[in-house]
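See below for the structure under consideration.
Numbered from 1 within each chain, the chains take letters A, B, ... in sequence-line order.
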Amino acid sequence: MDFVLFFITAAVALIGAIAMLVARNAVHSALFLLLNFAAIAVLFLLLQSPFLFAIQFTVYAGAIMVLFLFVVMLLGAERVEDTPDRIPWQRPLAFVLGVALVAVAVAGVLRGVWEEPPGGEAAAAFGDPAQLGALLFTDYLLPFQVTGIILLIAVVGVAVLNQRGRAAPAARRTPTGE
Amino acid sequence: MNWLNLLILIIQAFVITLAVTTAFAYLTLFERRLLARFQNRVGPNRAGPGGFLQPLADAVKLFFKEDVVPAAADRPVYLLAPALAVIPAIIIWAVIPFGCLNLNWDYRACFADPQTSNVWNILQIAEINVGVLYLFAVTGIGVYGITLAGWASNNKYSMLGGIRSSAQLISYELALSCAVLGVVMTYSSLSTAQIVYQQGGLWGIVPQFLGFVLFMVASTAEVVRAPFDLVEAEQELVGGYNTEYGSMKFALFFMTEYIKLIAISAIAVTFFFGGWRFPGLQTLGRGMEDLAGPVVASLVVGLVSLGAFLLKLVAFLFVSVWIRASWPRLRYDRLMTLGWKWLLPLGLINLVYTAVTFVIVPDQRLASFILLALSLITLAVAVGFSSVPQPVDNVTYVKDLRQGSVLPPAPAETEESQPAPTSPRQPVSSQG
């Protein structure tokens with residue numbers, strides 16, 4: 001049964017990814033990406049990792065995609081693709097980089113497919129949130145703290161950039177500036 | 001997993017879906033009758049005895065309404081949005097334990113540590129070790145239905161409702177997570193069954209009183225109910241995100257809102273009011289086992305625990321209707337101020353309290369009461385601070401618009417029948 005579920009989920013993930021690329025409307029693209037994220041979350045579940053499933057949903061589907069959608073809707077940028085590119089060389093470059101990525105991925109798969117995956121069966125407590133938390137606060141404490149500081153800097157940066165041009169109280173009193 | 005287990009799982013899922021849908025139907029009646037009482041009216045009492053068939057009549061009416069898709073709407077997304085709204089509201093129920101009916105016919109296993117005991121609880125669909133994270137994951141995707149409905153309708157009022165909803169849900173999700181994180185830290189588990197087990201003796205509201213208050217406020221905002229229902233403010237937005245929806249599609253949005261309300265109340269019961277636990281349940285089980293054997297004992301314990309859970313749930317729903325009848329809608333900027341400047345800092349303070357107290361005071365019971373005292377003091381201080389009047393700087397006075405060179409003096413004022421105001425007028429919006 002796992003095998004059947006895996007193929008269905010993988011097909012959904014691929015369809016979502018391809019449809020995201022070809023969709024002309026930015027909101028449709030975002031929705032297909034959401035479908036892709038959901039399928040990947042189910043793949044995590046098939047690998048006996050409910051923690052990653054929940055995190056994939058919370059972080060990607062619940063937070064990042066909602067923000068994408070929010071920005072697209074707020075700016076009314078659904079149809080921005082219709083205008084010609086401002087940076088003419090980016091499409092050929094993207095194509096070249098994409099081909100390179102596919103080549104690397106295929107090479108990796110071809111090398112790995114004949115070997116057994118390392119480690120064999122996962123332990124029963126694999127991906128247990130308590131163990132993960134303990135690791136984060138012992139072995140990986142420094143990376144964890146550094147990530148926190150980076151995020152804090154990002155938040156401060158957003159606040160500073162958002163304050164620019166708002167300093168003068170007179171400008172704020174205009175009817176449109178409210 | 002063998003086929004029998006799979007079959008039982010499917011039946012469970014089916015039953016819970018039907019149950020929450022029925023609960024939604026009767027919650028609407030409950031709310032309408034109660035609101036009527038609060039407002040000194042009678043309420044719907046014509047269809048059936050005591051208005052009991054009113055939900056059925058409403059459902060039939062909605063079914064037979066004409067189903068219209070606006071010509072300018074984005075058709076696939078417009079059709080998808082109600083489904084995206086209602087699915088999370090239903091699947092959130094998977095990890096909530098409604099009771100403990102042990103199919104291994106041993107009621108004692110219900111009161112033992114669920115990590116070690118041999119319990120096959122049929123009143124909880126899935127017991128996973130990340131139950132709380134699952135709840136957040138599902139509430140997180142709940143925002144899509146509303147947002148997409150607002151966008152796909154291609155209507156400015158719907159759009160405003162959709163954007164308001166995403167801003168509001170994103171803001172309050174943080175406070176909600178902080179409140180629940182306190183519970184997770186208190187019981188050091190992410191599993192809902194484990195959290196319920198550890199509330200034997202002392203319910204979660206004692207150590208997490210501040211968390212409970214935050215949870216109640218943030219969850220009311222999360223299910224966009226009054227006083228946080230700016231998403232569908234009728235005076236401003238016609239109907240909000242569901243303006244362009246009719247027939248069953250409208251009913252699905254309506255259903256989503258109410259099922260989410262029931263779900264969030266059930267989560268509050270699970271985290272803060274001991275879930276299905278009730279004093280005397282264990283004694284009842286022992287007595288029934290002496291009287292009629294273990295099978296009857298587990299059946300009775302299962303049904304009584306389900307009843308206790310539902311009783312607590314109805315109490316929460318009553319409070320929710322009461323709040324709706326009592327409080328006016330918040331203004332948008334105050335909604336954001338409340339979420340970001342009050343609830344989130346209080347949530348973080350609660351996390352600090354919980355962490356520090358449980359480390360310093362090893363005795364769980366003593367620590368719980370210390371936390372209760374700290375919560376009450378903090379809440380009193382916060383309420384005191386919030387009632388100090390703030391300097392008003394975010395409103396535009398009409399007199400400023402006149403005197404400053406921002407706007408030319410409005411000639412329309414003098415042409416009106418009422419005399420032009422000589423005294424300074426009231427602020428356009430006041431920081432009451």
(message) For B/Tyr134 and A/Phe53, take the angle between the two ring planes, folded into 0 to 90°, and tell me which bin it lands in: parallel under 30, tilted 30 to 60, perpendicular over 60.
(response)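 Parallel: the ring planes of B/Tyr134 and A/Phe53 meet at under 30°.
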(message) Checking the side chain of B/Gln124 only, and the main-chain atoms of B/Ala94 only, is there a donor and an acceptor separated by less than 3.5 Å?
(response)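 Absent.
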(request) May I ask you to check whether B/Tyr78 and B/Tyr245 place their ring centers less than 6.0 Å from one another? (result)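 Judged by ring-centre distance (under 6.0 Å), B/Tyr78 and B/Tyr245 do meet the cut-off.
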Against chain A, label [X] side chain, backbone, both or neither, depending on which of its atoms sit under 4.5 Å from a heavy atom there.
X        : answer
B/Ala167 : both
B/Leu148 : side chain
B/Leu190 : side chain
B/Ile170 : side chain

(request) For the residue pair B/Thr186 and B/Ile195, establish whether any side-chain heavy-atom pair is separated by less than 4.5 Å. (result)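 No, every pair of side-chain atoms sits at 4.5 Å or beyond.
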